[in-house]
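Working notes, structure below.
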Amino acid sequence: MNLSRREFMQMLAVASAAGINLGTAQAGTDQQKVAGSVKANNASASMYEIPKFGNVHILHMTDCHAQLKPVYFREPSVNLGIGTQKGQVPHIVGEKFLKHFGLKPNTPEAHAFTCLDFSEAAAKYGKVGGFAHLATLVKHMKAQRPGALLLDGGDNWQGTGLALWTNAQCMIDASKKLGVDIMTSHWEATYGKDRMVEGIKDLESSGMDFVAQNVFETEFNERVFKPYVIREMNGVKVAFIGQAFPYTPIANPAWMTEGWSFGIKDEEMQETVNKARADGAAAVIVLSHNGMDVDLKMATRVSGIDAIMGGHTHDAVPYPTIVENKGGKTLVCNAGSNSKFLGVLDLDVKNGKVKDFKYTLLPVFSNFIEPDKEMQDLLDKMHKQTIKFQGKEFVAEERLNKVLAKNDVALYRRGNFSGTWDQLICDALTETQGADISFSPGVRWGTSLVPGADITYEDMMTQCALTYPNVTVNEFTGERVKEILEDVCDNIFNKDPYYQQGGDMVRVGGLKYAVEPNGQPGKRISAMTLNGKPIDPKKTYKVAGWASVAKPGEIPGDTGKMIWDVLEDYLTSKKHITKVDVNEPKLIGVDNNPGITKC
């Protein structure tokens, strides 16, 4: 493994000079399209033409969150690293990200990997992702690399109205058509363990393998799924070990996976690596949904892993982090989200060891790639189907295409604290439920929208399509409100990655506060005010929220309303979104942190 960072920088510079910078090509023109075989054109020749290297070839996607169509997606402007994580990948954003990886500003790469000039760049380069465009790219890479395998790191089944309405079947069928070879999981569990197992069996009937070494039955302490699989590629035996999201029963409803236990399970991982090696594996790959910080720590504690193909935190990282451990070196890769990227890892394996590697994280620009016809036909059929959901019957695309409001704002979610989409949800909860304060979960999934684009039902559902959507209204004391914020904050900014158990900070409406991410647990939140007045710890406040992890029938303050109905009513009543004032907390002690930029 001897491709240096300097060589990587040089490779990027050559690629940019050869055609990644579009120059006079304009998004949406015929000249910018790449043929179904992804043959070169003047606009994007070098971007998708990667010379084959070595004898083991891995394609990696993760956290697509059911985004079957091309979308807009704004990368975060805030992704703070705390303690030893400060200034380290993946906690670098904006201009500092470009500088760190040697990327040029005002290029497709800069747009793909950062939030800089998002609206203008989105107008120039168009949408990203889409399974039909991704399918073309996967086929192209597999044709160049005989034996190449496609890995899916999980969070595939959840994130859109269509996925929710079909009980994930649309994603299962699309994954079959895409040719996913190996998969692990996280949000798949939110359909309930019975549906999860059923869906996995459906996928495995087409030749896919599902792997998860860290999911056990609680009664007999036996694994629920096979921990790894060995595939032979060009004469080389390669082990693929699965690592499902270790905190599934904490971040999501525990009742949905009752009888299963999860966890990081380093010791079991080491045992699994050793067994895979004993079974003849010359290379060991972990397909992980830990999150990148957890993967980086695991790579120091478990030896014998050649590469961790990671997910969960949605970090799009152009070059692997190389971690040294007592067994050698481990590559830690992370491939973004929303079907926006495809990772390509080529390994040169000789005499039972990985000698060298090359890695490229390809942005999937839908204006640069022709859609695969077979996949497009399947997607069209899916969107024309008649849906029966919650006692209603409708044609999927008719419901999804419904315009809810006009919009003049860049709508986005991704980031540690809040976004314009989150603010709309918080405002809707506060206004429609007559609440003083509103909370919305700090999930990372959810697409973006450019100014001037109408807000459709489909756009709205990318922000709220989950299986526990109930809106709640409760009476909390000021003291309890602070406890909630402190608990979530410690979850995100704990200096030990193994104690970071969920997404981003809970989104807040009405309440203003200050936060010190580097502060002590229980003492990070301060200066809480409501309408300009300090929060009284003993006073009771009306708080609206949604996505309770409690069982149906046991949800405190359950209104019986679904978040999508509340949000639809709010947007249609507003008719035109002209401005969104994001309720950002005041940040303390993070000056000069490279995990913050202005976009």
Side-chain angles (χ1 to χ4, degrees), residues 27-28 67 69-75 77 115 117-128 159-162 164 338 383 392 394-415 417-441 443 445-465 469 471 507-512 531 544-546 559 561-584 598-599:
Q67 298 304 330
K69 294 181 178 181
V71 299
Y72 294 110
F73 185 76
R74 178 189 186 270
E75 297 295 333
S77 57
C115 63
D117 303 313
F118 168 72
S119 297
E120 295 81 359
K124 181 176 183 181
Y125 302 125
K127 294 183 176 182
V128 293
T160 63
L162 190 65
L164 179 69
N338 290 283
H383 284 86
K392 298 178 181 178
F394 51 89
V395 175
E397 66 179 2
E398 291 178 2
R399 173 68 62 87
L400 294 171
N401 292 339
K402 180 183 177 182
V403 174
L404 304 182
K406 293 186 177 299
N407 172 58
D408 298 334
V409 179
L411 296 177
Y412 61 92
R413 165 172 283 163
R414 182 74 176 94
F417 294 103
S418 196
T420 45
W421 259 123
D422 297 299
Q423 195 62 52
L424 281 178
I425 295 173
C426 286
D427 291 348
L429 288 168
T430 303
E431 183 174 316
T432 63
Q433 305 308 303
D436 302 308
I437 300 168
S438 57
F439 288 151
S440 187
V443 294
W445 47 267
T447 61
S448 306
L449 204 61
V450 296
D454 291 340
I455 300 173
T456 66
Y457 199 91
E458 183 168 31
D459 297 322
M460 180 195 72
M461 288 299 288
T462 68
Q463 309 300 313
C464 60
V471 172
R507 282 41 174 149
V508 180
L511 173 75
K512 294 188 179 299
N531 300 321
W546 67 288
T559 65
K561 300 172 184 176
M562 305 294 106
I563 185 61
W564 45 75
D565 293 329
V566 169
L567 191 52
E568 179 185 11
D569 289 346
Y570 177 80
L571 290 170
T572 55
S573 70
K574 295 300 179 185
K575 298 181 180 178
H576 194 168
I577 304 300
T578 58
K579 184 180 180 182
V580 178
D581 294 319
V582 179
N583 183 26
E584 300 257 15
K598 294 288 185 182
C599 288

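Computed from heavy atoms alone, side chains included, the values below leave out hydrogens, waters and symmetry copies.
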Quick check: do Trp421 and Val580 have side-chain heavy atoms less than 4.5 Å from each other? no
CG/Leu404 to CD/Glu458 distance, rounded to the nearest 0.5 angstrom? 11.0 Å
Roughly how far apart are Leu429 CG and Leu567 CG, rounded to 0.5 Å? 8.0 Å
Using every non-hydrogen atom in the two residues, find where Pro451 and Ser119 come nearest and quote the distance to one decimal. CD-OG, 3.3 Å
Would you say the side chain of Val403 lies within less than 4.5 Å of the side chain of Ile455, judging by non-hydrogen atoms? no
Any side-chain heavy-atom pair from Asp569 and Thr432 closer than 4.5 angstrom? no
Please step through side-chain contact (heavy atoms from CB on, under 4.5 Å) for the pair Arg74 and Cys599, ending with a clear verdict. CA-CA 10 Å; Arg74 178 189 186 270; Cys599 288; 3.2 Å; yes
Could you go step by step and tell me if Tyr457 and Asn401 meet the side-chain contact (heavy atoms from CB on, under 4.5 Å) rule? CA-CA 6 Å; Tyr457 199 91; Asn401 292 339; over 6 Å; no
Rounded to the nearest 0.5 Å, what separation is found between the CZ atom of Arg413 and the OG1 atom of Thr447? 9.0 Å
Do Val508 and Phe439 have side chains that get closer than 4.5 Å, going by heavy atoms? yes
Just how far is it from atom CE of Met562 to atom CH2 of Trp564, taken to the nearest 0.5 Å? 6.5 Å
So, for His383 and Lys69, which heavy atoms are closest and what is the spacing to 0.1 Å? NE2-CE, 3.3 Å
Just do the side-chain contact (heavy atoms from CB on, under 4.5 Å) check on Phe73 and Arg414 with the steps written out, would you? CA-CA 9 Å; Phe73 185 76; Arg414 182 74 176 94; 4.0 Å; yes
To check you understand the geometry: which heavy-atom pair defines the closest contact between Trp546 and Gln463, and what is its length? CH2-O, 3.9 Å
Spatial distance of atom CG (Asp422) from atom OG (Ser440) [nearest 0.5 Å]: 5.5 Å
Under 4.0 Å between a side-chain nitrogen and a carboxylate oxygen: does that hold for Glu431 and Lys574? yes
So OG of Ser573 and CG of Leu571: to nearest 0.5 Å the spacing works out to 7.5 Å
Take His576 and Asn407, measure what side-chain hydrogen bond (donor to acceptor under 3.5 Å, both in side chains) needs, and give me the verdict at the end. CA-CA 6 Å; His576 194 168; Asn407 172 58; over 6 Å; no
Is any side-chain heavy atom of Met460 closer than 4.5 Å to a side-chain heavy atom of Glu568? yes
Where is the tightest heavy-atom contact between Val566 and Gln433, given as atom of each residue plus distance? CG2-NE2, 4.0 Å
With no hydrogens and no angle check, is any side-chain donor or acceptor of Gln423 less than 3.5 Å from a backbone partner on Ser418? no
If only atom types and distance count, is the side chain of Thr456 paired as donor or acceptor with the main-chain N or O of Lys402 below 3.5 Å? no
Give a yes or no answer on whether the side chain of Asp408 reaches the backbone of Gly452 with a donor-acceptor pair at less than 3.5 Å. no
For Asp454 against Asp459, the heavy-atom pair lying closest together: O-OD2, 3.3 Å
Residues Ala122 and Val450: closest non-hydrogen pair is CB-CG1, 3.6 Å
Would you say that Thr430 contacts Ile437 through its side chain, given a criterion of any heavy-atom pair below 4.5 Å between the two side chains? no
Do Gln67 and Pro70 come within less than 4.5 Å of each other through their side chains, counting heavy atoms only? no
Short side-chain to backbone donor-acceptor contact, Ser438 and Cys426, under 3.5 Å: yes
Flag the pair Arg507 / Pro441 as yes when at least one side-chain heavy-atom distance between them is below 4.5 Å, and no otherwise. no
